[in-house]
Visitor: 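Please read through the structure below; I'll follow up with questions.
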2 protein chains.
Amino acid sequence: MSEVAATGISVLLVDDHPIVRQGYRRVLESQGDLHVVAEADNAADAYGAFKAHDPDVVVLDISMPGASGLEAIRNIRARSPRARILVFTMHNEAVLVKSAFAAGASGFVTKSSEPSAVVNAIRSVARGERAMSDDIAHVLAEDSLSPTGSVLDQLGEREIEILRQFAGGATTEEIAAQLNLSVKTVQNYHYLIKSKTGARTDAQLVRLAATCGLTRI
Amino acid sequence: MSEVAATGISVLLVDDHPIVRQGYRRVLESQGDLHVVAEADNAADAYGAFKAHDPDVVVLDISMPGASGLEAIRNIRARSPRARILVFTMHNEAVLVKSAFAAGASGFVTKSSEPSAVVNAIRSVARGERAMSDDIAHVLAEDSLSPTGSVLDQLGEREIEILRQFAGGATTEEIAAQLNLSVKTVQNYHYLIKSKTGARTDAQLVRLAATCGLTRI
DNA sequence: TGCAGCTCGGGCAAATTTCCCAAGCCGGAT
DNA sequence: ATCCGGCTTGGGAAATTTGCCCGAGCTGCA
C-alpha cells in the first residue's frame, strides 16, 4: 500500500472503443495519482494485459453487458483474487450490477456519473474498498437484494425450463400446454422468475436467458 | 473557409455522459486545430448551444440512438442548413446510418474507429465533405447489396426506435420518458410493432430485434 | 419430527395489452 | 388544388396479464 502512495495508482483500461479509451486515459492521467499502464480492447485480452502489468485497478468499460464482460471479471479474479476491478458502464440494471459484484467486481459506476466520482471510485477500489455510484446504490437499494450467485443458481429446475421456453418465444398458454400446467401456474413462475432475477421486463428476461446460454439468438 | 484555416475548427460536443465528454474534449483539443467551444448533454440543449456558439462542426455522440438524436440533427439543420453534423456513436446498424444521413448528418463514425479517423472525419466534415468510418461504409455496402426486405423495412423510424429500446430492456414508462411520449402512445407502438412483424410475444420481438441487428445480446 | 424449499394453483386488485378510432401532418399522386 | 395514404400521436374500453398474497402437497435433510 505504501508503494501505491508513493507511485500512485496504476490502471488497466479495458474498453472496446479506442477513442473512448484515449479519452479516459487523458482524464485519468490528468489526476496526477492515476496512471494508465495498459489498455485492452476486449475481454479476452484483458487477462493477458493484467498479468503483464499487474495494475492496482482494472477499469472495465463494457458497453455490451453480459457474458464477455462478466467473463473477463471472473477470469481475472479466478487467477488473481487480489485484483481490484471497477466496472464502468452506461447500464444500470440491477441484474447486471449484482452479476458484476457476484463475479468479483469491487466497484460499479455508470457513465452518467461525474468524472470526479469516477476517479474517486478508482481510488476507493485501489484502497480495497467497495465503490459504486449513487445511481447504482439506488438501483441496488430498490432491488431487495438477496445474496445470489450466478442468477440461474437461484432458479429451480421448473423455473429454468419455463424461462427457456419463454425466452424461446413461447406464449404462456403454449408453455402451460407443453408442460401440462395451468396457465396460472406458468404466470406465477413468470412472475417469480422476474422477481428472483431482478429483471423488470420480459426483454430483460430474454437477454438474461441468452447471456446464460439458456437460449441462442 | 479561410477563417477555418486561420482559427482552427470549432466543435460543439453533444453527449449525455459527462466523463465521456471530458475525454473527447481532451482528445480533440490535443490536436491543435480542433477547439471544443461548447458542450451539451442532451438533444434538447444541442440547438441552443449551436445557436449560441455557431460551431463549425457538431459532434453528436448519442448512446441512445434514434429519435432524440435524429431529432436534434433535423432541428439544427432545419434552422441552420449550413450546419455540419458528425454523428459519433457505438451503433453501426444500417438503418440508423441511413436515417442519420437522411436527417442531414454530414458524417457518421463509430467509436470503434481509431482516434485519428475520428479527428480526420471532423476535418472532412468541416470542409463540407461527407465522412464515414470504414466499418460504416462496409455496413452500408452490405446493406445496399441485399435486396431482401428486412422486417425492419415495414417499420417507421419511431417504431424502430421504440423496438430498439424495448429490446434493450427498457420499460414502457422509460421509453415514454426518454422520447417524451405518453405511455399510451408507446403501448400503441408496442402493439403495432408486434402486429406488423407478426411477433406474438415480447420475447419473439427481442429475438427479432436481435437478428435484425437492432440490439445485441 | 420438523423445517425448508420446490412445485402447483386460487384469488383479486392494479396494470397492461389489445383492438378500434380520430386527428394532425406530410409527401406523393391526380 | 386535392385527395390518398402513411406516419405519429393519443383516447377509450374490454380482455388479459401482472403483482403479490395465500395454502397445500411433495421432497430431502437435519
Side-chain angles (χ1 to χ4, degrees), chain A residues 94 142-144 146-149 151-167 169-206 208, chain B residues 43 66-75 77-78 95 98-99 102-104 149 151-167 169-206 208:
Chain A
E142 293 280 329
D143 188 90
S144 62
S146 54
T148 130
V151 186
L152 282 190
D153 295 344
Q154 333 164 42
L155 301 181
E157 196 178 305
R158 224 46 303 208
E159 292 161 340
I160 288 185
E161 175 57 23
I162 286 173
L163 174 55
R164 180 203 320 283
Q165 298 215 23
F166 173 76
T171 67
T172 306
E173 286 88 351
E174 286 166 355
I175 298 176
Q178 173 85 26
L179 300 183
N180 237 279
L181 296 175
S182 85
V183 170
K184 182 61 191 178
T185 299
V186 177
Q187 288 176 341
N188 277 337
Y189 273 116
H190 191 343
Y191 166 71
L192 201 63
I193 294 168
K194 280 210 256 184
S195 47
K196 276 193 181 181
T197 59
R200 291 171 311 124
T201 281
D202 286 352
Q204 290 179 12
L205 222 45
V206 175
L208 187 75
Chain B
S68 58
L70 295 180
E71 206 46 55
I73 297 177
R74 267 189 285 270
N75 242 317
R77 292 280 300 186
V95 214
K98 289 198 281 189
S99 304
V151 194
L152 294 184
D153 294 345
Q154 327 164 40
L155 302 180
E157 187 181 298
R158 242 336 53 151
E159 291 161 343
I160 289 184
E161 173 57 21
I162 286 173
L163 173 55
R164 180 205 315 284
Q165 298 216 22
F166 173 76
T171 68
T172 306
E173 284 90 350
E174 287 166 354
I175 299 176
Q178 170 92 24
L179 301 182
N180 234 276
L181 296 175
S182 83
V183 169
K184 181 63 191 177
T185 299
V186 177
Q187 288 176 341
N188 277 337
Y189 272 115
H190 191 344
Y191 167 71
L192 198 63
I193 294 168
K194 279 209 255 186
S195 48
K196 275 194 183 182
T197 60
R200 291 172 312 124
T201 282
D202 285 352
Q204 290 178 10
L205 222 43
V206 175
L208 187 76

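Note that the coordinates shown come from a computational prediction; the quantities given were computed from them, not determined experimentally. Sequence lines set the chain letters: A, B, ... in the order given, protein chains first and strands last, and positions in each chain run from 1.
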Visitor: In this structure, how many angstroms lie between the P atom of C:dC25 and the CZ atom of B:R74, rounded?
Guide: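 One finds 17 Å between P of C:dC25 and CZ of B:R74, rounded.
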Visitor: Do B:D202 and B:K194 pass the side chain to side chain contact (heavy atoms under 4.5 Å, CB included) test, and can you show the C-alpha distance, the side-chain angles, and the key distance before you say yes or no?
Guide: CA-CA 8 Å; B:D202 285 352; B:K194 279 209 255 186; 3.2 Å; yes
Visitor: With a 4.0 Å cut-off on heavy atoms, is A:E161 in touch with a base, just the backbone sugar-phosphate, or nothing at all?
Guide: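 Counting heavy atoms under 4.0 Å across all strands, no contact is made by A:E161.
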Visitor: State the CD-CD1 distance between A:Q187 and A:I175, to the nearest 0.5 angstrom.
Guide: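 With rounding to 0.5 Å, CD (A:Q187) is 10.5 Å from CD1 (A:I175).
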Visitor: Counting only side-chain nitrogens and oxygens, does B:Y191 get under 4.0 Å of the OP1 or OP2 atom of C:dT18?
Guide: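 Result: no.
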Visitor: Below the 4.0 Å mark, does D:dT18 have OP1 or OP2 next to a side-chain nitrogen or oxygen of A:K194?
Guide: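 No, A:K194 has no side-chain N/O under 4.0 Å of OP1/OP2 on D:dT18.
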Visitor: How long is the line joining CG of A:L163 and C1' of C:dC6, in whole Å?
Guide: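 Rounding to the nearest Å, CG of A:L163 and C1' of C:dC6 are 17 Å apart.
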Visitor: Using a 4.0 Å heavy-atom cut-off to protein, can you give one letter per nucleotide of nucleotides 4-13 of chain D, 5' to 3': B if the base is in contact, S if only the sugar-phosphate is, - if neither?
Guide: ---SSBBBBB
Visitor: Between A:H190 and D:dT17, is there a contact of a side-chain N or O with OP1 or OP2 at under 4.0 Å?
Guide: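 For A:H190, the contact criterion (side-chain N or O under 4.0 Å from OP1 or OP2 of D:dT17) is not met.
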Visitor: Would you please test A:F166 and A:T172 for side chain to side chain contact (heavy atoms under 4.5 Å, CB included) and show each step?
Guide: CA-CA 8 Å; A:F166 173 76; A:T172 306; 5.9 Å; no
Visitor: Just how far, in rounded Å, is P of D:dG19 from CG of A:L205?
Guide: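 Those two atoms, CG and P, are 11 Å apart.
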Visitor: Which angle, rounded to 10°, do you find between the first-five-pair axis and the last-five-pair axis of the helix from C:dT1-D:dA30 to C:dT30-D:dA1?
Guide: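 Taking the rotation axis at each end, their angle is 30°.
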Visitor: What are the two closest non-hydrogen atoms of B:A203 and A:A167, and how far apart are they?
Guide: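 Heavy atoms only, the tightest pair is CB-O, 4.1 Å.
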Visitor: Is it the case that the side chain of A:T171 and the backbone of A:E174 share a donor-acceptor pair, with hydrogens and angles ignored and the cut-off at 3.5 Å?
Guide: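 Judged by distance alone, yes, a pair lies under 3.5 Å.
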Visitor: In terms of side-chain geometry, is the basic nitrogen of A:E161 or A:R158 positioned less than 4.0 Å from the acidic oxygen of its partner?
Guide: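 Salt bridge between A:E161 and A:R158, a charged N being under 4.0 Å from a carboxylate O: no.
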Visitor: Return the value, rounded to whole Å, for the distance between atom CD of A:E174 and atom P of D:dT17.
Guide: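 Between P of D:dT17 and CD of A:E174: 12 Å.
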Visitor: Identify all side-chain donor-acceptor contacts of residues 177-186 of chain A below 3.5 Å with residues at least two apart in sequence or on another chain.
Guide:
unit_1, atom_1, unit_2, atom_2, d
A:S182, OG, A:K184, N, 3.3
A:S182, OG, A:T185, N, 3.1
A:S182, OG, A:T185, OG1, 3.1

Visitor: Please assess B:H190 against B:L205 for the test side chain to side chain contact (heavy atoms under 4.5 Å, CB included), listing each intermediate value before the final yes or no.
Guide: CA-CA 10 Å; B:H190 191 344; B:L205 222 43; 3.8 Å; yes
Visitor: Whole angstroms only, please: what is the CD1-P distance between A:I193 and D:dT17?
Guide: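 Rounded to whole Å, this separation is 16 Å.
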Visitor: To the nearest Å, give me how far apart CD (A:Q187) and P (C:dA15) are.
Guide: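 Rounding to the nearest Å, CD of A:Q187 and P of C:dA15 are 17 Å apart.
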Visitor: What is the distance, rounded to the nearest whole Å, between atom CG of A:D202 and atom C1' of D:dG19?
Guide: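 My rounded result for the distance is 13 Å.
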Visitor: Is a donor on one side and an acceptor on the other found under 3.5 Å between the side chain of A:E159 and the backbone of A:I193?
Guide: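 No.
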